[in-house]
Student: 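I have a structure I would like to understand better, so I am pasting it below and will then ask my questions one at a time.
Within every chain, numbering begins at 1; the chains are lettered A, B, ... in the order of the sequence lines, protein sequences first and strands thereafter. Quantities reported herein were computed from a predicted structural model and do not represent experimental measurements.
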Amino acid sequence: MRQSDSWRRRALPLLPASLLLVAITASPCAAGVNLRVMPQSIQIGTFFGGAQVEVSAEIPKGCDAVVELVGKEIEEQLLRKGRHWDIWMNVGEIDIEGAPSLYFATSTNPRRWAEDATDSAYGYNVVQERVSFLGDVRGLRSSKIFDEFIKLKESEGLYGMYPGALMVSPLSGDRSSVQGTFTIPSSVAPGSYLVRLSVLSDGRLVESESARLDVGLVRLPALLSSLARRHGALHGLLAVAVAVVFGYLTGVAFKRTGGSH
Amino acid sequence: MTPIWTLYLPIAGHSAQMILLLGLGGVVGFLSGFFGVGGGFLMTPLLIMIGIPPVVAAASDSNQIVAATTSGTYAHYRLGNVDFKLGGFLLVGGLIGGTIGVQIIKVLRQLGDAAFLIKITYVVMLGTMGGYMFWESIRSLRKTSAGAAGTGAPARLSRWARLVQALPFQMRFERSAVTHSPILPLALGAIVGLLGAIMGLGGGFIMVPMMVYLLRVPMHIVVGTNLFQEVFMCANVTFMQSLTNHTVDLVLAIVLLVGSSIGAQFGARFSRKFNADQLKILLASIILLVMGKILLALVLPPHILLDLKGIR
């Protein structure tokens with residue numbers, strides 16, 4: 001009897017997941033999506049100017065797909081601008097918690113995230129549910145701060161939503177291929193990112209698959225970043241020495257070429 | 001494949017076009033050699049405009065100013081335009097004033113009024129300096145063209161001149177052909193150092209008018225001597241920023257300093273083709289334009305009501 005109770009206690013939380021699994025396997029949309037991310041890692045070298053990441057998968061015909069590229073949640077300090085004596089200036093600090101460092105979402109459905117769309121399971125709505133604002137938020141609605149936050153992140157190229165940008169092409173049988181490209185800005189921070197594909201049928205999630213995208217500094221940027229953060233004095237001396245030597249050599253070079261009086 | 005003219009800036013945390021950075025460095029370096037100012041009041045806002053975080057822009061700018069001013073100082077030294085004795089007093093005063101200024105900023109930040117004070121100081125200082133320099137130079141040019149301007153000393157000593165002459169320890173500054181108490185350049189250096197620390201700049205655009213109008217040093221000596229003292233002021237700022245805030249982006253600074261060192265050489269040569277009043281009118285116009293831009297940013301509503309604090 002005790003053993004049976006123990007099993008029930010452990011199994012009960014798994015029930016919703018089991019039901020979802022049954023629903024997914026019973027759905028015509030569920031048959032493995034084979035998510036592929038190319039490249040799987042991005043190296044930030046001396047001449048890095050951003051990167052393109054291609055995402056492709058196979059989904060059943062008639063289903064929709066949403067692909068998200070999500071960074072880890074970070075804490076950021078933002079400056080709030082306000083009017084003070086008729087002058088616009090920084091009037092306070094707002095700490096933001098729970099927002100991903102990067103968020104891109106794209107879909108096969110061009111109507112997704114439209115103004116009148118009721119679906120809120122993907123996109124900025126999800127981000128908004130996780131985010132909290134602390135600090136000097138007096139007199140500002142949370143939704144207003146969030147809108148301004150999204151504007152800031154979009155201006156940095158770190159957030160974006162692209163409904164309908166995931167291209168669908170038919171494959172043999174009852175499968176379709178979906179393909180999309182994310183433009184990763186050069187301001188992407190090193191770290192691990194999650195690429196998440198959600199397959200939807202009539203707005204209901206029927207399958208999802210995730211892959212990892214790694215971003216890291218290499219060569220000169222890795223060396224200088226480490227030097228600046230771990231050996232500030234040495235980095236400072238090097239910076240001054242480089243500047244003085246280069247300035248002096250330029251002066252000498254111009255003298256030799258008769259560039260000066 | 002990323003084209004090689006895109007450079008990744010490891011401390012700023014994003015990339016920038018190498019041609020654009022070289023161009024910015026070249027133009028500001030030219031102005032540095034031309035007017036004898038470090039160019040921080042121009043370069044820092046320009047770097048912020050192309051997306052460099054403000055703290056990285058200010059610190060890396062200080063680093064590139066070291067190169068531009070070294071190059072400019074060397075060029076002006078060969079032209080006989082550097083008064084090392086006067087520059088030494090200004091430098092000592094500047095270092096004292098800068099140290100006091102850093103402490104003032106620390107206190108104001110704790111009170112929460114630092115940003116407002118910095119911006120208002122910018123507008124007031126740039127407006128006053130630029131406006132006065134512009135008006136005075138126009139007046140001088142008019143007198144010259146009317147044949148009424150004398151190049152000699154004014155017939156009656158001004159109240160300022162009488163006050164300056166009353167100071168103790170009067171000494172001759174041969175290169176500048178002026179006699180002053182060392183208290184005066186020490187005090188002026190301290191004021192500029194203090195304002196420079198508050199505004200986050202080398203303070204050349206404040207120092208140049210002060211040397212011209214308060215120390216009565218000839219314009220070409222002002223240019224070379226100010227460049228000389230700015231080398232040390234900005235080297236100190238670069239080191240301190242690197243040590244305490246880790247905000248000096250060496251890649252950004254190197255590209256800027258390549259442009260600015262070369263630009264400074266052309267600026268120093270070009271400055272010989274203009275007379276002092278023309279130089280002052282040009283510098284005053286640039287100062288007033290920058291002041292106008294800062295003033296507009298203060299009164300016009302911003303596009304986004306949030307901004308990043310520091311760097312990612």
Student: Is the number of heavy atoms from other residues, nucleotides or ligands within 6.0 Å of CZ (A:R83) greater than 12?
Tutor: yes

Student: Is A:L152 in contact with chain B via its backbone, its side chain, both, or neither, using a 4.5 Å heavy-atom distance?
Tutor: both

Student: Would one find more than 12 heavy atoms of other residues, nucleotides or ligands at under 6.0 Å from atom OH of B:Y77?
Tutor: no

Student: Identify the heavy atoms of B:H14 and A:S186 that sit nearest to each other, and give their distance.
Tutor: CB-OG, 3.4 Å

Student: If every non-hydrogen atom of A:G247 is compared with every non-hydrogen atom of B:S261, which pair is closest and at what distance?
Tutor: CA-OG, 4.0 Å

Student: Rounded to the nearest 0.5 Å, what separates atom CG in B:L305 from atom CG in A:L79?
Tutor: 12.5 Å

Student: Which answer fits A:S101, side chain, backbone, both or neither, if we ask what part of it has an atom under 4.5 Å from a heavy atom of chain B?
Tutor: neither

Student: Centres of the B:Y8 and A:F47 rings: under 6.0 Å?
Tutor: no

Student: Please name the pair of heavy atoms, one in A:S225 and one in B:I11, separated by the smallest distance, quoted to 0.1 Å.
Tutor: CA-CD1, 4.2 Å

Student: Above 12 or not: heavy atoms from other molecules or residues under 6.0 Å from CD of B:Q17?
Tutor: yes

Student: If you count heavy-atom pairs under 4.5 Å with chain A, which of B:L257, B:V251, B:V231 comes out on top?
Tutor: B:L257

Student: Would you compute the distance between atom OH of B:Y74 and atom CG of A:L249 and round it to the nearest 0.5 angstrom?
Tutor: 10.0 Å

Student: I need the minimum non-hydrogen distance between A:H235 and B:L250, along with the two atoms involved.
Tutor: NE2-CB, 3.9 Å

Student: Check whether B:T70 reaches the backbone of A:V244 with its side chain - one donor and one acceptor, N or O, closer than 3.5 Å.
Tutor: no

Student: What are the two closest heavy atoms between B:H246 and A:R229, and how far apart are they?
Tutor: CE1-O, 3.9 Å

Student: Can you tell me how far CD of A:E93 sits from CG of B:L306, rounded to the nearest 0.5 angstrom?
Tutor: 12.0 Å

Student: Check for a donor-acceptor pair, side chain of A:E148 on one end and backbone N or O of B:I304 on the other, with a separation under 3.5 Å.
Tutor: no

Student: Please classify the contact between A:I44 and chain B as side chain, backbone, both or neither, with a heavy-atom cut-off of under 4.5 Å.
Tutor: side chain

Student: Write down the atom of A:A239, the atom of B:V248, and the distance for their closest heavy-atom approach.
Tutor: CB-CG1, 4.2 Å

Student: Among B:P301, B:A59, B:A253, which residue forms the greatest number of heavy-atom pairs with chain A at distances under 4.5 Å?
Tutor: B:P301

Student: If you draw a 6.0 Å radius around CZ in B:R175, do more than 12 non-hydrogen atoms from other residues or ligands fall strictly inside?
Tutor: no

Student: Taking side chain as everything from C-beta outward and backbone as N, CA, C, O, which of these in A:I94 sits under 4.5 Å from a heavy atom of chain B? Side chain, backbone, both or neither.
Tutor: side chain

Student: Using modelled atom types only, decide if a donor and an acceptor are shared between the side chain of B:S71 and the backbone of A:Y248 within a distance under 3.5 Å.
Tutor: no

Student: Quick one: what part of B:A235 sits under 4.5 Å from any heavy atom of chain A, side chain, backbone, both or neither?
Tutor: both

Student: Please state whether the side chain, the backbone, both or neither of B:A16 comes within less than 4.5 Å of a heavy atom of chain A.
Tutor: neither

Student: Please evaluate residues A:F48 and B:T6 with respect to the criterion side-chain contact (heavy atoms from CB on, under 4.5 Å), reporting the C-alpha separation (whole Å), side-chain torsions for both, the decisive distance (0.1 Å), and the verdict.
Tutor: CA-CA 7 Å; A:F48 179 73; B:T6 301; over 6 Å; no

Student: Rounded to the nearest 0.5 Å, how far apart are CG of A:L238 and CG of B:N63?
Tutor: 9.0 Å

Student: Among B:I254, B:V66, B:V258, which residue satisfies the side-chain contact (heavy atoms from CB on, under 4.5 Å) criterion with A:F246?
Tutor: B:V258

Student: Please look at A:Q52 and chain B and tell me whether the side chain, the backbone, both or neither of the residue comes under 4.5 angstrom of a heavy atom of that chain.
Tutor: neither

